[in-house]
Each structure stands twice: as structure tokens, then as C-alpha cells.
Amino acid sequence: MSELIPPIRGMNDILPDATPRWHQLETVTRAVLAAYGYREMRVPIVEKTELFARSIGEVTDIVEKEMYSFEDRNGEHLTLRPEATAGMVRAGISNGLLYNQVQRLWCHGPMFRHERPQKGRYRQFHQVDVEAYGLAGPDIDAELNIMLARLWKALGVSALELQINTLGTPATRQRYRKLLVEYFRRHLDALDEDSRRRLDSNPMRVLDSKVPETRKVVEGAPSLLDHLDAESQAHFAEFQKLLDDSGIRYRVNPRLVRGLDYYTRTVFEWVTTRLGAQDAVCSGGRYDGLVELLGGKPTPAIGFAMGMERMVALMEAEGVSVPDTAPHAYLVRVGAEAERAGLRLAEQLRTALPGLRLLVDCSGGDFGKQLKRADKSGARVALVLGDNEARKHEVGFKPLRNTTEQVSISWDLAVARLAAWVQ
RNA sequence: GUGGACGUAGCUCAGCUGGUAGAGCCCCGGAUUGUGGAUCCGGCUGUCGUGGGUUCGAGCCCCAUCGUCCACCCCA
């Protein structure tokens with residue numbers, strides 16, 4: 001044997017036992033998004049590095065130390081996307097989708113961040129990314145979360161809490177930032193090292209600190225909610241009213257600060273207590289300035305990203321059942337005539353019954369061996385074909401999950417029997 | 001990037017104060033030459049993560065390295 005080539009750290013293979021769960025998540029998500037008028041778009045996984053640097057923010061952790069960046073053969077600086085919004089906006093502008101138009105769009109696929117892997121955090125991970133463009137009012141903010149509440153219900157998960165906050169306009173945020181920095185500077189001694197560092201790079205993140213000492217200081221800090229401009233305040237109030245109307249429960253979390261620079265006004269996060277430290281399953285917010293920042297016409301926008309690995313983990317944790325993917329029937333063949341006839345029978349069944357999952361034993365052996373495999377496959381029934389049956393155009397119909405006797409029936413009748421199990 | 005725990009068969013794991021590697025599951029064969037499940041019998045599989053070092057001798061001790069997990073940081 002040759003030398004083994006190991007997989008890349010933090011990048012997972014999603015194995016056949018796991019894919020039914022992923023399909024379930026994708027299928028349900030697709031249906032809910034369609035019900036709200038969202039259309040799928042597919043964009044490249046690689047973009048120019050500049051796109052992410054400009055949109056996410058030069059001084060964010062993502063851009064400073066987490067991106068998979070490289071030079072291609074032409075010397076262009078490219079990056080594996082660390083998030084989807086920048087590419088979606090770029091594609092929207094490139095293709096004229098965002099000019100004076102309302103668009104409800106979504107995409108899904110892999111994202112890449114060079115972080116230390118842990119539970120719910122990987123270097124290649126997958127997101128469903130949803131974006132609404134051209135809508136400035138709080139009703140779309142609310143609708144997105146109403147839609148998410150419906151999605152959670154459809155997926156069968158309940159251990160999620162909605163947290164909301166507002167960051168105001170860039171102008172108010174800047175003013176507030178100043179106040180905040182001044183306040184923290186007065187209490188510098190009480191701040192931990194990380195928080196001191198953040199004071200220069202991203203002071204609002206200090207509000208999110210988990211260090212007890214720092215938390216005490218944070219409690220006395222000025223709140224952004226008290227320094228909002230009137231319009232942002234009204235927007236946030238209306239957003240909450242609409243959530244109330246829909247019976248969506250939420251908690252205002254003044255410390256909720258998104259890590260990406262482009263967020264404005266409404267931000268939100270659906271969190272769970274069931275997944276350890278990486279508790280945010282879905283989060284997003286408004287980014288009214290991003291389209292313009294990337295060279296488009298000023299366009300209000302709001303969106304969110306759902307972490308698929310985290311959602312899959314939550315579904316597992318909550319014991320959501322997975323659709324059965326075991327074969328409906330397992331065909332065993334013994335004898336030269338039966339072997340040939342069996343393949344014809346299998347094709348007839350598949351033609352007559354779209355959706356039928358039929359496995360033909362091609363490993364050989366006597367009836368005992370093949371039936372053992374039939375049982376292991378999880379099939380409901382074994383179709384038993386020997387030369388005797390083949391000559392008479394019949395097949396043994398042997399239920400494997402109850403004690404019903406095997407019967408010999410015509411091929412046509414086999415179609416009718418199996419039809420009941422195929423949707 | 002920081003800290004801690006852990007890497008032994010395909011999987012889950014045991015392996016004593018350092019003495020030449022084991023169990024269960026899985027898989028394969030048989031009991032059962034046209035019939036699965038339960039039971040019984042037999043069998044296969046190991047760069048002990050990798051590379052060094054200490055030692056007469058290393059799965060065990062030391063160093064380095066890679067990986068996994070958990071937490072920090074950050075975030076989906």
C-alpha cells in the first residue's frame with residue numbers, strides 16, 4: 001500500500017449515513033423559502049480578496065486572520081468565500097439584479113474560515129444564505145424572522161431563542177462608539193487584556209465579553225438603545241410590534257453585536273443551549289450600506305445565514321426522525337436463468353414504479369447468503385427468483401419485517417404489491 | 001492564535017511498576033446444497049497517529065510533529 005494522504009484539518013466528509021439528514025434539511029428549507037418568494041441563486045466560491053476585505057471590514061478577525069487567500073496563476077489575489085453575502089451582492093450588481101428592484105434571493109454551499117476547529121465550528125462549513133434587497137421597512141425584518149420560526153417548526157426543532165438588537169445608522173453608531181470608548185477608558189484598569197485590545201479595533205465587542213470583571217464594567221456602560229436616532233428607534237419599535245403581532249417570542253439583547261462591519265439597524269440571532277459554545281444557529285441583520293459600498297446604487301438590504309452543520313447537530317440533539325432510505329425491496333437471484341431474468345424484472349419494476357428503491361444482489365452465493373444480505377439492507381421485502389420462478393415469470397414475495405409467509409406471484413402482481421409502499 | 005484532554009483492528013474500547021498486542025461489534029466461512037433474523041462453532045484484519053530519544057527491551061517514559069475533541073478567541 002502507498003502512503004496515506006490525510007484529509008485537511010477542519011474539513012469533514014459527509015458520509016452516506018449522514019446525507020439523508022442533510023437532504024431533509026435542504027428539502028424543508030427549500031420549500032419554506034419558496035413559500036415566501038425567495039429564488040435560488042448560485043455564485044462562485046472564489047472571489048477577489050478585495051471584495052471580502054471591503055465588505056466584511058479590514059480590521060475584523062475574519063479578514064485579518066481567517067481567510068483562505070491565495071494568488072492564482074495570473075497573480076490575482078483570490079479568496080475562498082468566508083461568508084456568502086459579499087458574493088451575492090457582487091453577483092446582484094454584476095448582473096443588474098439590484099437596480100431599482102426588489103429581490104428575494106438565497107443560496108447555499110460551503111464557506112471557508114481558517115479557525116481552530118471545535119464543536120460546531122469547522123474550516124469548511126455550510127450555510128444557507130438568504131437576502132432581501134430593495135426593502136427598507138421593518139416589515140421585511142419581521143417577515144424574515146416569521147419565516148424562520150416557520151422553518152424551525154417545519155424542521156421539528158424548538159430549542160431556539162430569538163435575540164434582537166439594533167445598531168442604528170452608521171452615523172449614530174459612530175457617535176455611540178465614541179461615548180463607549182470614552183467610558184471604557186475611564187475604567188481601563190478593570191478591563192481584561194482582550195477587551196483592551198478590542199477598544200481600538202472593535203469597541204462594541206467589549207459589550208459581549210465573557211470575563212466577569214469586564215462584565216461588571218459593561219453593566220454600567222452607556223447603551224446604544226439610549227443613543228439611537230429617531231428613525232432607527234421607530235424602525236426597531238415597529239419591528240418588535242410586528243413580531244409581537246405574529247406571536248414570535250424574542251429577547252432584546254443590547255449586547256448583541258455582529259462581527260461584520262456592514263450591519264446597520266436590525267440585527268438578530270437564533271441561539272440554542274443544546275450545542276455547547278457555538279450556540280448561534282442562524283443570524284443576520286440589515287446591511288443598508290453594503291450594495292453602495294460595493295459599487296451599486298444605494299439599496300436597502302437585509303439577510304441572514306443559517307449554519308447547516310449546527311442545524312444538523314440541533315436536529316440530532318432534538319431527536320428529529322429522518323426519512324427512511326432503506327430499499328423497499330431486495331432482489332435475490334440464484335441460477336443462470338434467474339440471474340438474467342432478474343435484471344429484466346428489476347428494470348420492469350423500476351419503470352412501473354418511479355420512486356421505488358430496489359436493490360439487486362450482485363454479490364452471488366446461495367439463497368441463504370443473499371437473504372442474509374437482504375435482511376441487513378433493511379428492505380421490507382425480499383424478491384426471490386430461482387430458475388423455477390424465472391421460467392414461469394413469477395417471483396417469490398417474502399416479507400422480511402413480519403412473519404407473513406412467502407408467496408409466489410406474477411411479475412405484474414409484484415408491481416401492484418410494491419406500489420403500496422412507493423409514494 | 002492560546003489552553004486542556006486524547007490518538008491501540010473498519011467501529012467502540014481494554015492493555016498492570018516498561019517484558020514482545022486483546023475483547024466486543026462488523027465482516028467472512030460453517031452448523032443449514034432453494035430461504036434471512038435468534039443461537040453455537042471457526043476465521044481474517046494492527047506502520048499501537050508519525051518521527052526521533054532513553055532503555056538489554058517502549059503501546060506504556062521523554063521530545064517534536066500531525067490529527068481529534070472541549071474551551072478561549074471569534075463566529076454560522
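Quick note on labels: first sequence line is chain A, next is B, and so on, each numbered from 1. It should be emphasised that the depicted structure is a prediction, and the values quoted were computed from it without experimental measurement.
For the P atoms, the distance from B:rA9 to B:rA14 is 12 Å, rounded to whole Å. One P atom belongs to B:rG30, the other to B:rU47, and the distance between them is 29 Å to the nearest Å. Atom name C1', nucleotides B:rG57 and B:rG1: the rounded distance is 41 Å, in whole Å. The gap from the P atom of B:rC28 to that of B:rA21 amounts to 28 Å, rounded to the nearest Å. Rounded to whole Å, the C1' atom of B:rG46 lies 14 Å from the corresponding atom of B:rA23. When the C1' atom is used for both B:rG37 and B:rG51, the distance is 49 Å, rounded to whole Å. One C1' atom belongs to B:rC13, the other to B:rA71, and the distance between them is 25 Å to the nearest Å. Comparing the P positions of B:rG34 and B:rG43 gives a spacing of 28 Å, expressed to the nearest Å.
With rounding to whole Å, A:Q406 atom CD is found 11 Å from B:rG36 atom P. Atom CH2 in A:W22 sits about 11 Å away from atom C1' in B:rA76, given to the nearest Å. Residue A:F125 contributes atom CZ, which lies 11 Å from atom C1' of B:rC74 at whole-angstrom precision. Atom NZ of A:K376 is separated from atom P of B:rC26 by 7 Å (rounded to the nearest Å). Straight-line distance from the CG atom of A:L371 to the P atom of B:rG34: 13 Å, rounded to whole Å. Atom-to-atom, CD of A:Q278 to P of B:rA76 comes out at 10 Å; the value is rounded to the nearest Å. When rounded to the nearest whole Å, the span between NE2 of A:H114 and P of B:rC74 equals 17 Å. Straight-line distance from the CD1 atom of A:I62 to the P atom of B:rG1: 17 Å, rounded to whole Å.
Applying the Watson-Crick and G-U wobble criteria (two distances, each under 3.5 Å), B:rA58 pairs with nothing in any strand. The partner of B:rG67 is B:rC6, judged by Watson-Crick or G-U wobble contacts that both fall below 3.5 Å. Searching all strands for a Watson-Crick or G-U wobble partner of B:rG1 with both distances below 3.5 Å returns B:rC72. Pairing partner, B:rU47: none, since no Watson-Crick or wobble contact has both distances short of 3.5 Å. The partner of B:rU35, taking Watson-Crick or G-U wobble pairs whose two distances both stay under 3.5 Å, does not exist in any strand shown. Across all strands shown, B:rG42 is found opposite B:rC28 as a Watson-Crick or G-U wobble partner, with both distances under 3.5 Å. Remark: B:rG18 base-pairs with no nucleotide in the shown strands. Criterion, Watson-Crick or G-U wobble with two distances under 3.5 Å.
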Check against salt bridge (Lys or Arg N to Asp or Glu O under 4.0 Å), A:R113 and A:E83: CA-CA 9 Å; A:R113 289 182 202 172; A:E83 58 100 41; over 6 Å; no
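Proximity of a side-chain donor or acceptor of A:D129 to a complementary backbone N or O of A:W106 within less than 3.5 Å is not detected. A donor-acceptor pair is defined here as one N or O able to donate and one able to accept, closer than 3.5 Å; no such pair exists between the side chain of A:R255 and the backbone of A:M204. A distance-only check finds no donor-acceptor pair linking the side chain of A:E161 to the backbone of A:T273 [under 3.5 Å]. No donor-acceptor distance shorter than 3.5 angstrom exists from the side chain of A:E219 to the backbone of A:K216, with no hydrogens or angles considered.
One donor-acceptor pair, N or O on each side, does fall under 3.5 Å between the base of B:rC75 and the side chain of A:R310. For A:Q370 against B:rG34, a side-chain-to-base donor-acceptor contact under 3.5 Å is absent. You'll find a donor-acceptor pair under 3.5 Å spanning the side chain of A:D375 and the base of B:rG36, going by distance alone.
For the pair A:R104 and A:Y133, the cation-pi criterion (under 6.0 Å, within 45° of the ring axis) is not fulfilled. Because its NZ or CZ atom is both nearer than 6.0 Å to the ring centre of A:W421 and within 45° of the ring axis, A:R380 counts as a cation-pi partner of that residue.
Among the atoms of the strands shown, none is found under 4.0 Å from any heavy atom of A:R373. Residue contacts shown for A:N388 include a base, since a base heavy atom lies under 4.0 Å away. Contact annotation for A:A374: no contact, since no heavy-atom pair falls under 4.0 Å across all strands. Note on A:Q124: nothing from the nucleic acid sits closer than 4.0 angstrom, heavy atoms only. Using a 4.0 Å heavy-atom cutoff across all strands shown, A:V334 reaches no nucleic acid atom at all. Within 4.0 Å (heavy atoms only), A:G335 reaches no atom of the nucleic acid at all.
Between A:K369 and B:rU35 there is no side-chain N or O to OP1 or OP2 distance below 4.0 Å.
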What are the atom names and distances for every N/O pair under 3.5 Å that joins the protein to nucleotides 66-69 of chain B?
residue: B:rU68; atom: OP1; partner: A:G10; partner atom: N; Å: 3.2
residue: B:rU68; atom: OP2; partner: A:R9; partner atom: NE; Å: 2.9

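With a 6.0 Å radius and a threshold of 12 heavy atoms from other residues, nucleotides or ligands, A:E71 has its CD atom above the threshold. Heavy-atom contacts from other residues, nucleotides or ligands closer than 6.0 Å to CZ of A:R350 number more than 12.
Of the two residues contacting RNA chain B, namely A:T403 and A:E83, the nearest-nucleotide position lying further toward the 5' end is that of A:T403. In terms of position on RNA chain B, the residue among A:V281 and A:A277 whose nearest nucleotide sits closer to the 5' end is A:A277.
Between A:K398 and A:E405, no side-chain nitrogen of the basic residue sits less than 4.0 Å from a carboxylate oxygen of the acidic one, so the salt-bridge criterion is not met.
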